[in-house]
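Following: one structure in structure tokens, then a few remarks.
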Amino acid sequence: MDLAAIADLCLALPGTSDDEPFGPGTTVFRVDAGPGKPGKLFALMNGGTDAGGATRFNLKCDPALAQGLRERFPEVVPGYHMNKKHWNTVRLGGDAPSTLSAQELAELIEDSYDLVVSGLPRAQQERLRWVGLAQRG
């Protein structure tokens with residue numbers, strides 16, 4: 001999956017937007033946190049490449065799952081320039097292995113989004129029509 005397809009997946013989620021607060025080449029994906037509040041970061045894409053020629057894509061992750069994902073998928077590593085407990089980096093292209101399917105990557109993106117939205121006030125979750133509300137009751 002290329003970076004444009006990943007960006008499209010992020011932006012297809014309800015209430016999301018993107019910007020480049022760190023300058024050109026680093027795109028941040030946010031979910032609307034409510035009126036007058038800054039959006040909450042759920043993904044970050046670095047358009048450059050690392051020493052191995054791979055691009056990096058950071059996703060928020062439940063700490064209980066983060067290490068397991070790193071062990072299962074060699075292209076998933078501790079969050080680059082992020083809190084390693086709460087963030088994973090997915091390395092794409094270059095010398096990075098390619099064991100994650102497009103569906104699995106899409107699920108990681110959705111999980112990151114859900115993790116952030118689950119921390120928003122219920123009223124904002126309802127405005128976003130978050131499907132997690134049905135599961136929470």
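- Not a single donor-acceptor pair under 3.5 Å links the side chain of Tyr113 to the backbone N or O of Ala43.
- Remark: Asp18 pairs with no residue by the side-chain hydrogen bond (donor to acceptor under 3.5 Å, both in side chains) rule, at least two apart or across chains.
- Within the 4.5 Å cutoff, side-chain heavy atoms of Leu108 are placed close to those of Leu100.
- As a member of the Ile/Leu/Val/Met/Phe/Trp/Tyr network built from side-chain separations under 4.5 Å, Leu44 groups with Phe22, Val28, Leu41, Met82, Trp87.
- In the model, Gln125 has no side-chain atom that pairs as donor or acceptor with a side-chain atom of Arg122 under 3.5 Å.
- For the pair Gly34 and Gln124, the tightest heavy-atom approach, listed with the atom from each and the gap, is CA-OE1, 3.3 Å.
- For Ala96 against Glu75, the heavy-atom pair with the smallest separation is CB-CB, 4.5 Å.
- The two residues Ser112 and Lys60 make their nearest non-hydrogen contact at OG-N, 3.0 Å.
- No side-chain heavy atom of Tyr80 sits less than 4.5 Å from a side-chain heavy atom of Asp50.
- In this pair, Phe57 and Phe29 present their aromatic rings perpendicular. The plane angle is above 60°, beyond the 30 to 60° band.
- The hydrophobic cluster containing Leu11 also contains Val116, counting ILVMFWY residues as joined when their side-chain heavy atoms lie under 4.5 angstrom apart, directly or transitively.
- Asp32 and Leu128 make their closest contact through O-CD1, 3.9 Å (heavy atoms, listed as atom of the first residue, atom of the second, distance).
- In this structure, the separation between CG on Asp19 and CZ on Arg30 is 4.5 Å, given to the nearest 0.5 Å.
- Looking at heavy atoms from C-beta onward, Ile6 lies in side-chain contact with Leu92 at the 4.5 angstrom threshold.
- Expressed to the nearest 0.5 Å, how far CG of Leu105 lies from CG of Leu59 amounts to 7.0 Å.
- Lys85 NZ to Asp62 CG: the interatomic distance, rounded to the nearest 0.5 Å, is 10.0 Å.
- Separating the CG atom in Leu120 from the CH2 atom in Trp130 is a distance of 8.5 Å, to the nearest 0.5 Å.
- Checked against Asn58 for a side-chain hydrogen bond (donor to acceptor under 3.5 Å, both in side chains), the options Asn46, Asn88, Thr26, Thr89 give a single hit: Thr89.
- Rounding to the nearest 0.5 Å places CG of Asp8 at 11.0 Å from CG of Leu3.
- Heavy atoms only, all atoms of each residue included: Gly25 and Glu20 are closest at N-OE2, 3.3 Å.
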- [ ] Mind running side-chain contact (heavy atoms from CB on, under 4.5 Å) on Glu110 and Leu13 for me, showing each step along the way?
- [x] CA-CA 8 Å; Glu110 290 171 12; Leu13 297 166; 4.3 Å; yes
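- Contact of the Arg70 side chain with the Cys61 side chain is not registered, since no non-hydrogen atoms from C-beta on lie closer than 4.5 Å.
- With values rounded to the nearest 0.5 angstrom, Glu107 atom CD is found 11.0 Å from Asp114 atom CG.
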TODO: Could you walk me through whether Ile109 and Cys10 pass side-chain contact (heavy atoms from CB on, under 4.5 Å), step by step?
DONE: CA-CA 7 Å; Ile109 292 168; Cys10 290; 3.9 Å; yes
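- The nearest pair of heavy atoms linking Val76 to Leu69 is CB-O, 3.9 Å.
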